[in-house]
Amino acid sequence: MIEKLQPHKPKYTAFVATSVDGRISLTEKTLPDWNSQEDRQFLHQSLSHMDAVVVGRKTYEAAAKHLRKRITYVFSSRPTTLCHRESVTFVNPVRVDLEKLFQDHKNVAVLGGGMAYRFMLENHLLDELFVTVEPLIFGRGTPMFTGGTKTTRLDLLSSRPLNSSGTLLLHYRINH
Ligand SMILES: NC(=O)c1ccc[n+]([C@@H]2O[C@H](COP(=O)([O-])OP(=O)(O)OC[C@H]3O[C@@H](n4cnc5c(N)ncnc54)[C@H](OP(=O)(O)O)[C@@H]3O)[C@@H](O)[C@H]2O)c1
């Protein structure tokens with residue numbers, strides 16, 4: 001019997017730094033400046049194994065200088081479907097077949113923000129999640145998964161301190 005070849009599926013991994021109360025940003029226009037050096041190092045090392053990144057338009061605007069150097073997909077409702085600018089592709093995610101768009105990549109990093117994490121999660125385009133919990137409470141700011149409509153169960157794969165100041169790194173598998 002001839003086996004039917006399955007289309008290639010990338011592994012999707014999200015990375016997020018959060019306060020203890022689940023907030024990922026205090027200001028829309030800039031990247032977090034409150035996460036630890038160890039978290040930044042962890043993200044930097046992890047990204048060296050990723051061949052593409054996915055972000056929302058607001059996160060792209062906050063980090064364009066870094067993201068322009070990578071193969072980056074930016075979610076936005078502005079393009080009808082896709083709009084390419086060198087290594088950056090602006091994507092309207094509700095009008096494009098994302099599985100097909102990402103199929104040539106092996107490892108896709110989902111770098112936020114809250115709207116982009118939620119969209120990828122609810123569309124079954126998230127396999128694993130690294131959460132760095134910084135020992136802070138903000139009581140305000142952007143939530144980690146904005147506007148969710150479903151509850152998702154996670155399996156904890158590992159947890160470890162990243163430093164002696166109380167930063168924890170949690171690694172989860174998404175249980176779809
Ligand atoms: N702590 C962390 O680890 C971390 C990580 C990443 C980002 N951040 C921070 O989070 C903040 C931004 O988060 P955010 O949730 O406000 O914004 P975001 O997810 O970065 O961007 C939201 C924008 O993405 C587009 N978008 C997202 N989902 C879409 C969909 N389903 N359909 C069409 N367009 C979609 C829309 O762009 P249009 O308005 O163009 O339609 C929307 O306004 C920034 O301050 C950033 O620095 C923190």
Side-chain angles (χ1 to χ4, degrees), residues 12-47 50 52-70 72-85 88-102 108-126 128-150 152 154 162-163 165-172 174:
Y12 299 97
T13 307
F15 297 86
V16 59
T18 180
S19 62
V20 169
D21 55 336
R23 302 297 168 146
I24 63 164
S25 184
L26 289 172
T27 55
E28 225 174 56
K29 293 203 160 78
T30 54
L31 286 179
D33 57 2
W34 41 263
N35 57 332
S36 55
Q37 177 72 15
E38 292 78 9
D39 174 57
R40 285 158 203 238
Q41 274 166 6
F42 169 71
L43 180 63
H44 185 72
Q45 279 165 10
S46 303
L47 287 180
M50 299 285 155
V53 306
V54 175
V55 289
R57 196 257 310 155
K58 291 182 183 170
T59 297
Y60 178 73
E61 285 180 359
K65 191 174 75 173
H66 307 287
L67 293 171
R68 274 197 288 260
K69 295 177 196 155
R70 301 183 169 276
T72 298
Y73 296 91
V74 183
F75 286 172
S76 172
S77 56
R78 293 176 191 174
T80 315
T81 53
L82 297 171
C83 167
H84 301 279
R85 255 184 248 160
V88 179
T89 304
F90 293 84
V91 185
N92 187 330
V94 293
R95 296 200 174 194
V96 167
D97 180 344
L98 293 179
E99 287 190 50
K100 202 167 161 201
L101 182 69
F102 299 141
V108 175
V110 181
L111 297 185
M115 282 181 74
Y117 290 134
R118 200 263 312 153
F119 186 86
M120 293 294 279
L121 179 72
E122 292 200 344
N123 286 280
H124 301 279
L125 294 171
L126 215 47
E128 292 187 12
L129 171 64
F130 283 96
V131 181
T132 302
V133 184
E134 296 290 357
L136 298 163
I137 292 174
F138 291 145
R140 65 203 190 284
T142 309
M144 198 186 298
F145 288 86
T146 311
T149 57
K150 294 182 198 161
T152 305
L154 308 177
L162 275 190
N163 54 31
S165 322
T167 304
L168 286 179
L169 178 65
L170 308 175
H171 182 194
Y172 293 101
I174 312 291

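Order of appearance sets the numbers: ligands from 1, and atoms from 1 within every ligand.
Taking CG of L26 as the start and CZ of F138 as the end, the distance is 4.5 Å to the nearest 0.5 Å. Interatomic distance, Y60 OH to R68 CZ, rounded to the nearest 0.5 Å: 4.5 Å. Distance check, rounded to the nearest 0.5 Å: CE of M144 to OG of S25 gives 12.5 Å. One finds the CZ atom of F102 at 9.0 Å from the OG1 atom of T89 (value rounded to the nearest 0.5 Å). The CG atom of L43 sits 10.5 Å away from the CG atom of L169 when rounded to the nearest 0.5 Å. Taken from OG in S165 to CD in Q37, the straight-line distance is 11.0 Å, to the nearest 0.5 Å.
Listed by atom number, the atoms of ligand 1 under 4.0 Å from T27 heavy atoms are 45 (O). Short contacts between ligand 1 and T30, defined as distances under 4.0 Å to a heavy atom of the residue, involve ligand atoms 45 (O), 47 (O). Close approach to Y117 involves these atoms of ligand 1, each under 4.0 Å from a residue heavy atom: 3 (O), 5 (C). Of all the atoms in ligand 1, the ones that sit under 4.0 Å from a non-hydrogen atom of V16 are 3 (O). Annotation for ligand 1: atoms under 4.0 Å from non-hydrogen atoms of F119 are 31 (N). Short contacts between ligand 1 and A116, defined as distances under 4.0 Å to a heavy atom of the residue, involve ligand atoms 19 (O).
Exactly one residue among K58, R57, M120, M115 makes a side chain to side chain contact (heavy atoms under 4.5 Å, CB included) with F75. That residue is M120. Test N35, V133, T132, L136 against T167 for side chain to side chain contact (heavy atoms under 4.5 Å, CB included) and you get one pass: T132.
Checked by distance only, ligand 1 and I24 come closer than 3.5 Å through their nitrogen or oxygen atoms. Looking at P93 next to ligand 1, no N or O pair under 3.5 Å apart turns up. At least one N or O atom of S77 sits closer than 3.5 Å to an N or O atom of ligand 1. Geometrically, ligand 1 and T59 share a nitrogen or oxygen pair separated by less than 3.5 Å. Note: no N/O pair closer than 3.5 Å links T18 and ligand 1 by distance alone. For ligand 1, the polar-atom distance check against S76 finds a nitrogen or oxygen pair separated by under 3.5 Å. Residue-to-ligand polar distances place G113 within reach of ligand 1: an N/O pair is separated by less than 3.5 Å.
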Checklist entry - Can L154 and I174 be said to form a side chain to side chain contact (heavy atoms under 4.5 Å, CB included), step by step? => result CA-CA 5 Å; L154 308 177; I174 312 291; 3.5 Å; yes

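Taking all heavy atoms of L43, V91, L111 into account, the minimum distance to atom 5 (C) of ligand 1 is reached by L111. One option in M115, R95, R57 has a heavy atom closer to atom 28 (N) of ligand 1 than any other, and that option is M115. Nearest to atom 26 (N) of ligand 1 by heavy-atom distance, out of Y60, F15, F75, is F75. Nearest-heavy-atom check against atom 43 (O) of ligand 1 across K58, E61, R23 picks out K58. Considering G141, A17, S19, G114 only, the shortest heavy-atom separation from atom 2 (C) of ligand 1 involves A17.
The aromatic rings of Y117 and F145 sit tilted, their planes meeting at an angle between 30° and 60°.
For the pair T59 (side chain) and G113 (backbone), a donor-acceptor distance under 3.5 Å is present.
Protein heavy atom at the shortest distance from atom 9 (C) of ligand 1 is S25 CB, 3.6 Å. Scanning the protein for heavy atoms near atom 44 (C) of ligand 1, the closest one is E28 O, 3.4 Å.
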List the atom pairs, with distances to 0.1 Å, where a side-chain N or O of residues 94-101 and a protein N or O form a donor-acceptor pair under 3.5 Å, not counting sequence neighbours.
from : atom 1 : to   : atom 2 : distance (Å)
D97  : OD1    : E99  : N      : 3.2
D97  : OD1    : K100 : N      : 3.2

